[in-house]
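Keep in mind it's a predicted model, so treat the numbers as computed, not measured.
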Amino acid sequence: MSPEQARDTLVSTVEETSTVLDVSGWAWTGAPEVGNCGDRPGERANDNYGYSAPPQSRDFAADAQKVAEHWKSLGMEVRVVDSPSVVVYATGGPVEGLSFSTGPGNYYIFGTSLCVPGDASELRKKDNG
């Protein structure tokens, strides 16, 4: 998988996750951010990406369960933490990892792409033109 494919898979997985909730107003918290991963900088890269929206529901546990079930359907290992706020964590599947947080204030979906061959510095230069 190329760095671009890994980034695109991350973005689509995060944004697709938002569609399982009856929540409007989703917006990215910034462009996908590339970084080094693995033991040797310059040889492997991954991206981080976040998406947020104000919650329209107060049933945070039910929304977290919807997200957890969706991520399980993608073949991910899922864990739900319910204190101090409800958070869902997932690993595996199409990305390295994801989290869904119900607070404070906004819903957040954050993810990290798979670690693939690539130089983060060169990818940043390419992304920035």
Side-chain angles (χ1 to χ4, degrees):
M1 179 179 287
S2 73
E4 294 80 13
Q5 290 169 318
R7 178 184 56 229
D8 292 347
T9 298
L10 170 65
V11 170
S12 65
T13 302
V14 166
E15 292 182 4
E16 174 188 288
T17 297
S18 72
T19 67
V20 305
L21 301 170
D22 188 21
V23 174
S24 61
W26 288 97
W28 52 284
T29 59
E33 187 174 323
V34 67
N36 289 304
C37 60
D39 295 336
R40 294 181 295 234
E43 293 185 14
R44 297 186 60 76
N46 64 1
D47 280 273
N48 293 308
Y49 182 66
Y51 213 45
S52 71
Q56 278 91 49
S57 164
R58 288 288 178 217
D59 194 347
F60 301 142
D63 285 348
Q65 189 59 41
K66 289 176 188 176
V67 169
E69 291 303 319
H70 176 66
W71 288 346
K72 286 178 187 175
S73 77
L74 298 178
M76 302 183 83
E77 288 188 36
V78 176
R79 164 174 79 92
V80 179
V81 175
D82 60 8
S83 180
S85 62
V86 182
V87 181
V88 182
Y89 298 97
T91 58
V95 298
E96 181 68 29
L98 296 169
S99 65
F100 168 70
S101 173
T102 61
N106 280 338
Y107 278 180
Y108 292 97
I109 303 170
F110 182 80
T112 302
S113 73
L114 295 173
C115 188
V116 296
D119 181 333
S121 294
E122 293 301 315
L123 292 166
R124 272 189 226 103
K125 287 178 191 174
K126 182 179 171 186
D127 287 345
N128 293 326

Notebook entry, point to check: Do the side chains of V116 and V11 join up, straight or via other hydrophobic residues, at under 4.5 Å, putting them in one cluster?
Noted result: no
Margin query: Starting from V14, can I reach M1 by hopping between I/L/V/M/F/W/Y residues whose side chains sit under 4.5 Å apart?
Written below: no
Reported [atom1]-to-[atom2] distance for the pair [X] and [Y], which is rounded to 0.5 angstrom:
X: N48; Y: S113; atom1: CG; atom2: OG; result: 7.5 Å
X: I109; Y: L21; atom1: CD1; atom2: CG; result: 6.5 Å
X: R44; Y: L114; atom1: CZ; atom2: CG; result: 9.5 Å
X: Y108; Y: T29; atom1: OH; atom2: OG1; result: 8.0 Å
X: S101; Y: Y107; atom1: OG; atom2: OH; result: 9.5 Å

Next item on the list: Please lay out, stage by stage, how E16 and H70 fare under the test side-chain contact (heavy atoms from CB on, under 4.5 Å).
Entry: CA-CA 10 Å; E16 174 188 288; H70 176 66; 3.0 Å; yes
Checklist line | Partners meeting ring-ring contact (aromatic ring centres under 6.0 Å, His included) with Y51 (sequence neighbours left out) | finding: W26
Margin query: Regarding R40 and E43, does a basic nitrogen lie under 4.0 Å from an acidic carboxylate oxygen?
Written below: yes
At their closest point, which heavy atom of [X] faces which heavy atom of [Y], and how far apart are they?
X: A31; Y: Y49; result: C-CD1, 4.4 Å
X: S52; Y: N106; result: OG-ND2, 4.4 Å
X: A45; Y: A120; result: CB-N, 4.2 Å
X: P3; Y: P117; result: CG-O, 3.3 Å

What disulfide bond (SG atoms under 2.5 Å apart) pairs are there with at least one residue in [range], not counting sequence neighbours?
range: residues 31-105; answer: C37-C115
range: residues 46-80; answer: none
range: residues 41-89; answer: none

Check: Of N46, D127, D47, which is the lone residue that meets side-chain hydrogen bond (donor to acceptor under 3.5 Å, both in side chains) with R7?
Finding: D127
Would you say [X]'s side chain and [Y]'s backbone share a donor-acceptor pair under 3.5 angstrom?
X: Q56; Y: P54; value: yes
X: Q5; Y: S2; value: yes
X: D119; Y: S121; value: yes

Notebook entry, point to check: Is there a side-chain contact (heavy atoms from CB on, under 4.5 Å) between D63 and T102 once you walk through the steps?
Noted result: CA-CA 8 Å; D63 285 348; T102 61; 5.6 Å; no
Check: Does the salt bridge (Lys or Arg N to Asp or Glu O under 4.0 Å) test come out yes or no for E69 and K72, once each step is laid out?
Finding: CA-CA 5 Å; E69 291 303 319; K72 286 178 187 175; 3.7 Å; yes
Checklist line | Set of residues satisfying side chain to side chain donor-acceptor pair (under 3.5 Å) with respect to T17, sequence neighbours excluded | finding: W71
Which atom pairs, donor and acceptor, lie under 3.5 Å between side-chain atoms of residues 74-100 and protein residues at least two apart or in another chain?
none

